[in-house]
Amino acid sequence: MRRILVNVMWALTLPALLIAAWWLVSDDSTSIYSPPLRTILRTFGPTWDGDRLTHDVVPSLLRLTAGYLLAAVAGIGLGLLVGLHAQLRATLEPVLEFLRALPPPVLVPIIMLFAGIGDTMKLIVIASGCLWPVLLNTVEGVRAVDQVMIETARSYRLPAPARLRHLVLPAASPQIFAGLRQALSIGIILMVISEMFAASNGLGFAIVDFQRSFAIPEMWSGILLLGLLGFVLSMLFQLVERRALAWYHGLRASRRAS
Amino acid sequence: GSGSGSGSDNTAADKAGGTVTLNVGLVPIVDVAPIYLGKEKGFFDKQGIKLNLSTAQGGAAIVPGVVSGQFQFGFSNVTSLMVAQDKNVPVKGVAEGNNSTGKDGADFGGIAVSKDSPITSAKDLEGKTVAVNTLKNIGDTTVRESVRKAGGDPSKVKFVEMDFAQMPAALTKHQVDAAWVVEPALASVKASGGRVVASNFVDVSPDLTVALYFTSTSYAAQHPAEVKKFQTALSESLAYATAHPDEVRKVVSTYTQIPASLLSQVILPSWPAEPDKASLETLGKLGQQDGLISSAPDLSKLLP
Amino acid sequence: MLEVRGLQKVYEGAGRRVEAVRDLTFTLEPGELACLVGPSGCGKTTLLKCLAGLLAPSAGDVLLGGHKVTAPPPGMALVFQEYGRSLYPWLRVRDNVELPLRQKKEMSRQRRRELVERSLAEVGLTHAHDAYPWQLSGGMQQRVAIARAIAYEPEVLLMDEPFAAVDAQTRADLEDLVRRVWQDLGVTVLFVTHDIDEAVYLGQRVLVLSNSPTVVQEQLTIDLPDERDQLTTRADPRFTAFRTRIYEQIQAAKVAKA
Amino acid sequence: MLEVRGLQKVYEGAGRRVEAVRDLTFTLEPGELACLVGPSGCGKTTLLKCLAGLLAPSAGDVLLGGHKVTAPPPGMALVFQEYGRSLYPWLRVRDNVELPLRQKKEMSRQRRRELVERSLAEVGLTHAHDAYPWQLSGGMQQRVAIARAIAYEPEVLLMDEPFAAVDAQTRADLEDLVRRVWQDLGVTVLFVTHDIDEAVYLGQRVLVLSNSPTVVQEQLTIDLPDERDQLTTRADPRFTAFRTRIYEQIQAAKVAKA
Amino acid sequence: MSAARRAGLGLCGLFGFLVLIELLPRTGLVPSAYFPPTSRIAVALWDQVLQGSFWSALGDTLIAWGLGLLIAVAGGVVAGVLLALVPWLRRFTASTVEFLRPIPSVALIPLAVLLYGTQIGSTLLLVVYAAFWQVLVQVLYGVGDIDPVAEETARSYRLGTWARIRYLLWPTGLPYLMTGIRLAAAVALILAITAELVIGAPGLGVRIAVAQSSQAVPQMYALIAVTGLLGLGINLGARAAERRLLSWHQSVRGEAVV
Ligand SMILES: Nc1ncnc2c1ncn2[C@@H]1O[C@H](COP(=O)(O)OP(=O)(O)OP(=O)(O)O)[C@@H](O)[C@H]1O
Ligand SMILES: Nc1ncnc2c1ncn2[C@@H]1O[C@H](COP(=O)(O)OP(=O)(O)OP(=O)(O)O)[C@@H](O)[C@H]1O
Ligand SMILES: [Mg+2]
Ligand SMILES: [Mg+2]
């Protein structure tokens with residue numbers, strides 16, 4: 001119980017200080033684009049009421065989840081393949097690097113050509129952005145698997161699936177998780193971007209809509225909500241990671257216990 | 001806080017040698033051809049204005065740029081300006097931007113459908129999906145008016161947001177049933193066999209003012225002389241553009257990349273000297289009716 | 001059974017060229033237990049990895065049962081010198097030992113359990129089933145690696161200094177374990193060690209490698225009785241004679257180089 | 001000099017609680033060379049890490065020169081049992097040895113070079129300066145770790161089974177090296193080994209640890225003459241007596257547990 | 001794999017991709033008016049290359065990209081190392097970091113314009129904001145991956161803070177950082193183009209926007225291809241740097257073996 005309280009203290013101190021600073025600095029702001037924090041917070045409640053939550057936030061979250069999962073599966077799967085086969089890597093890398101550099105705002109129209117303007121498109125846009133950190137980290141993690149561990153697996157002739165499941169995946173998992181972590185925030189960003197195109201609802205759409213209709217405090221409240229969303233998702237992510245990488249953190253913690 | 005207008009006096013308005021440098025934020029479309037033409041013809045030099053024209057994708061960048069004084073002037077559609085005024089954004093129109101041609105079926109923007117679409121009139125849009133470039137803006141309000149005038153129920157139309165640039169493809173691929181398209185995308189739609197089923201601007205008013213050049217209220221108050229010079233040069237440009245459509249097409253090819261084949265098909269907007277106040281009142285009412293703005297726009301403050 | 005012909009291995013890369021093994025030729029009969037001794041860095045590990053099909057020789061051949069070894073052949077187990085790194089830190093001790101067995105499709109779950117239990121008991125780790133390898137001492141880790149190889153019931157067993165990290169008493173026990181397993185299963189064993197007494201005590205034959213450039217310096221048949229035990233065998237005067245002989249050979253190998 | 005009082009260390013975590021060391025009390029005089037023997041897993045490494053200030057004891061104290069050890073004290077060098085992982089794979093052999101010396105601000109570049117050269121020569125690695133650790137054999141890696149400790153010219157030297165991976169001849173040479181360094185520099189040495197002969201040959205005193213729960217089972221002063229050499233000392237009947245004595249003690253320690 | 005072979009395979013991959021783009025519209029799967037085949041894009045690209053304004057736009061984009069990336073990487077590394085060295089700082093800032101990370105750069109556009117107008121400053125702001133987090137997260141995971149034995153070695157030899165950064169943190173984190181830089185480089189490019197596209201700061205993005213709104217489809221694709229090619233070039237540079245900087249690392253040295 002006390003530990004939880006202490007943790008909460010640590011987590012809240014800096015945000016509290018920053019919010020206080022923002023509050024003070026912005027308090028007498030007359031600028032239309034940087035309204036006082038007071039105003040922003042006051043609009044927060046009324047803006048994100050139940051109606052908006054079901055109409056904008058929930059669809060966004062669903063798209064985000066689906067896109068993120070799609071990217072995770074595709075990124076890890078492709079990353080394992082590409083990481084394990086040097087030839088395949090040499091062949092595919094230029095194309096992947098080419099695609100990786102394409103900015104989503106110009107990519108979206110192209111994706112629209114293939115995937116239409118519905119949720120599939122948004123899902124693909126989110127996935128197409130989340131894919132890269134997962135893919136790159138998986139590839140690098142796979143390439144870095146310890147030689148002796150590989151030789152052990154080979155000498156016992158573990159067949160490919162067992163090698164994947166029991167060696168490559170766990171060995172690369174710390175780095176894969178780094179990628180998944182990166183992808184999480186990118187996913188949120190792309191959720192917003194995808195909803196700037198051919199959308200009529202969603203958190204991203206709402207923010208852009210506020211911005212265009214000069215509802216600036218509402219827009220800021222939306223940005224705050226994005227931040228909160230990122231924070232909550234990242235906490236959830238850490239829970240998952242702590243379970244999945246228990247051996248890894250245990251190994252490191254046990255050695256540093258002094 | 002980082003106040004508005006903080007940058008309004010430093011870089012931009014340096015009056016070195018009697019000339020002022022004015023930064024203007026524009027959208028790279030046909031509508032703003034007169035200002036490019038005027039610059040080319042020296043109308044602005046004559047007033048001692050050195051013009052710096054930048055293009056941005058839309059109001060998202062231009063309005064804050066003008067409000068913060070990074071731009072002295074910007075180009076925007078009137079509905080956006082009404083919304084801004086309604087939200088107390090300190091903007092003020094200074095000059096006519098462009099007008100609808102007023103010719104039904106031959107306007108620079110209209111509601112288009114694909115070649116094989118069963119839709120023949122605005123009434124058929126009931127229950128259909130219509131693409132507009134921005135929701136809750138001039139596009140959907142005027143399209144609703146078209147539907148209403150054709151005897152349909154505008155509340156049954158489903159709008160979806162999409163860049164003009166993507167509309168031709170979306171129509172071809174039947175991702176939307178209809179789209180409110182403006183030039184040059186409209187020419188592109190027609191080139192691939194699409195049809196215009198209604199001219200939504202014309203349906204609102206025979207002489208609808210679509211866009212204005214605007215500035216921030218603080219700039220207008222502090223630099224009336226510059227505003228005046230800008231207005232003078234601009235009205236000369238508008239008149240010249242109206243008189244020389246061929247030169248307009250030529251200048252458009254300098255700041256856009258519209259393919260020549262398409263450019264010759266593009267319908268130019270009209271550029272009268274003054275905004276049409278009556279049409280703006282109608283537009284304001286539509287905006288109010290659709291809930292874009294809370295009260296009737298104060299046109300005396302908004303218009304030059 | 002296992003035939004090595006003109007084996008050469010040259011390591012190249014990172015600006016270094018090392019001829020680890022120059023020219024090795026020898027044969028192991030089926031069911032033989034041979035020990036390999038030689039100075040540090042002479043290429044024993046390299047040789048073992050070539051035998052196991054983990055490393056491609058630069059020249060020469062390795063034949064197992066008349067077939068050329070190009071990949072790890074079935075029925076072979078290897079205990080790595082780098083025992084710590086050959087255990088997977090994300091698997092508990094039990095799972096580390098069980099992992100290779102899972103690949104034997106025909107083996108029942110229960111038999112697997114039994115083998116794991118028994119082999120861990122035989123190396124004295126009955127109580128460590130549930131630990132992660134990094135929670136064990138060096139010697140315990142090494143014993144896990146030995147248990148894994150024994151549980152696998154291989155036909156050919158290659159061991160690279162498997163007792164380096166255990167105390168004298170445990171070592172003696174493990175020596176007897178290896179001889180017992182060898183006799184019970186009729187497995188062919190090649191055993192690398194630095195301990196000359198151990199080599200003589202364990203082996204039917206002792207191969208002495210020279211210092212690099214490495215060749216087989218001497219092959220000694222240890223014609224001590226097959227029934228050996230720690231007290232009487234080591235007290236045998238012939239034991240001492242073998243030991244002295246080998247010691248001299250290794251000395252000679254070293255001097256030849258200096 | 002080095003005093004251990006009532007030292008206890010309990011490992012907790014990942015669902016396991018291990019009392020590695022129950023209650024250890026002993027003292028090392030300045031300039032003493034003591035050897036530590038004990039069954040595998042009895043807590044020797046744990047003890048050494050507590051002495052080195054790398055691990056905080058669960059109870060009891062470690063005092064060095066009268067001061068409590070809470071962090072690695074200056075002038076102490078440790079040779080790790082996991083020699084392979086204690087070398088940095090990104091540094092060449094020479095740089096691995098030189099790294100700790102760079103921390104000695106007052107030392108000239110030239111002196112540093114000299115120390116590195118000499119210590120590498122002393123462990124027989126004159127030709128491996130430019131190699132990376134992963135290009136070396138196990139025994140060579142272990143010798144690099146020894147060279148690093150010796151070049152550091154520590155006041156207290158803790159060695160954890162430092163000769164486990166080298167052949168008999170090299171081992172004898174390294175034993176003499178340790179005794180030479182000890183005599184020349186007057187350094188205090190605590191030496192963990194599994195080889196009872198080695199413990200007797202090297203030490204002025206041998207500490208025997210019991211099986212867990214670990215205590216000091218016996219402390220034996222080895223009053224052989226200070227001038228020792230591999231042939232005559234090992235042939236000394238008192239040497240054999242000590243050896244037998246220690247062997248019995250370890251047996252006793254093992255039996256006590258079973 | 002030789003460099004030539006790698007390049008050859010890469011070219012094959014690219015060629016296959018180009019053929020695919022050529023065939024997609026030709027087979028009528030997508031309307032060629034909106035998705036032109038490779039050949040038409042190539043012609044449009046050639047047109048662009050002949051224009052001086054294209055090169056100045058390219059220069060502007062590259063300057064914004066390079067400068068932004070430099071700031072982001074430097075900032076990310078310094079912040080990451082600082083957070084790794086000072087654990088309480090990490091705890092203190094964790095929640096804020098998680099809050100700020102998912103805030104999309106695009107949502108900051110009005111703020112950027114407010115501060116810097118359409119000058120390079122606003123592009124930089126967006127580029128740095130987006131790329132910084134990529135680097136930071138990778139660095140944090142990287143420095144968390146330090147081998148415990150390597151860390152204990154550093155502690156036992158009392159390496160100073162600087163030496164620990166230089167010789168332990170840096171090499172361990174480097175593979176993660178390289179991935180981070182590759183991720184950040186692409187994100188920086190994406191944001192540079194997007195900012196130009198939306199805000200109208202000088203550069204390639206403006207040209208893309210103009211082409212887009214002009215219905216100049218092949219030109220638009222040509223410009224998009226240029227961003228892809230930039231990404232390709234950036235990756236080539238990163239790979240070359242990696243082969244130099246990480247020659248010791250498993251992922252790079254592993255390539256040479258087998
Ligand atoms: N991966 C490698 N790259 C380059 N050289 C290597 C590599 N592995 C081993 N060597 C070199 O090959 C030689 C033989 O090494 P090997 O590990 O086979 O010796 P060893 O007989 O097992 O020694 P030890 O008894 O010390 O384990 C050594 O000189 C070593 O430096
Ligand atoms: N990080 C750890 N976490 C949990 N338990 C540990 C850890 N390290 C060691 N132990 C346990 O502590 C006990 C003593 O280990 P230690 O490594 O000190 O033994 P040792 O005497 O050095 O053995 P060896 O001679 O085999 O190296 C063992 O039972 C081991 O399982
Ligand atoms: Mg070896
Ligand atoms: Mg130990």
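Because only heavy atoms are used, hydrogens play no part in the values below, and waters and symmetry mates are left out as well, while side chains stay in. Within every chain, numbering begins at 1; the chains are lettered A, B, ... in the order of the sequence lines, protein sequences first and strands thereafter.
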**Message:** Is L158(C) close to chain A through its backbone or its side chain, or both, or neither, when contacts mean heavy atoms under 4.5 Å?
**Reply:** neither
**Part of A77(C) lying under 4.5 Å from any heavy atom of chain A** = both
**Asked** Can you check whether R148(C) reaches Y156(A) side chain to side chain, under 4.5 Å on heavy atoms?
**Response** yes
**Item:** Side chain proximity check, F80(C) to S155(A), heavy atoms < 4.5 angstrom
**Value:** yes
**Complete:** Checking heavy-atom separations under 4.5 Å from chain C, one finds in residues 71-84 of chain A none
**Prompt:** Of all of A149(C), G53(C), P100(C), which one pairs up most often with chain A through heavy atoms under 4.5 Å apart?
**Reply:** P100(C)
**Request:** With rounding to the nearest 0.5 Å, note down the distance linking OG1 in T152(A) to CD in E82(C).
**Result:** 9.0 Å
**Prompt:** Going by residue number, which parts of residues 163-188 of chain A are within reach of chain C, meaning a heavy-atom gap below 4.5 Å?
**Reply:** H166(A), L167(A), P170(A), A171(A)
**Complete:** Residues at least two apart in sequence or cross-chain that pass side-chain hydrogen bond (donor to acceptor under 3.5 Å, both in side chains) with R100(A), listed by chain then number, are E97(A)
**Asked** Do the side chains of Q103(C) and R157(A) get nearer than 4.5 Å, heavy atoms only?
**Response** no
**Asked** Yes or no on side-chain contact (heavy atoms from CB on, under 4.5 Å) for L91(C) and W247(A), after CA distance, side-chain angles and deciding distance?
**Response** CA-CA 8 Å; L91(C) 296 181; W247(A) 63 272; over 6 Å; no
**Complete:** When rounded to the nearest 0.5 Å, the distance separating OG of S86(C) from CD1 of I150(A) is 13.0 Å
**Asked** Looking only at heavy atoms, which of residues 66-74 of chain C get nearer than 4.5 Å to chain A?
**Response** P72(C), P73(C), P74(C)
**Asked** Looking at CG of L54(C) and CD of Q147(A), how far apart are the two atoms once the value is rounded to the nearest 0.5 Å?
**Response** 9.0 Å
**Item:** Side chain to side chain, W90(C) and Y248(A), heavy atoms closer than 4.5 Å
**Value:** no
**R102(C) side chain to L158(A) backbone, donor-acceptor under 3.5 Å** = no
**Asked** Are more than 12 heavy atoms from other residues, nucleotides or ligands located less than 6.0 Å from atom CE of M9(A)?
**Response** no
**Fill in**
In this structure, CG of L55(C) is separated from CD of E151(A) (nearest 0.5 Å) by 7.0 Å
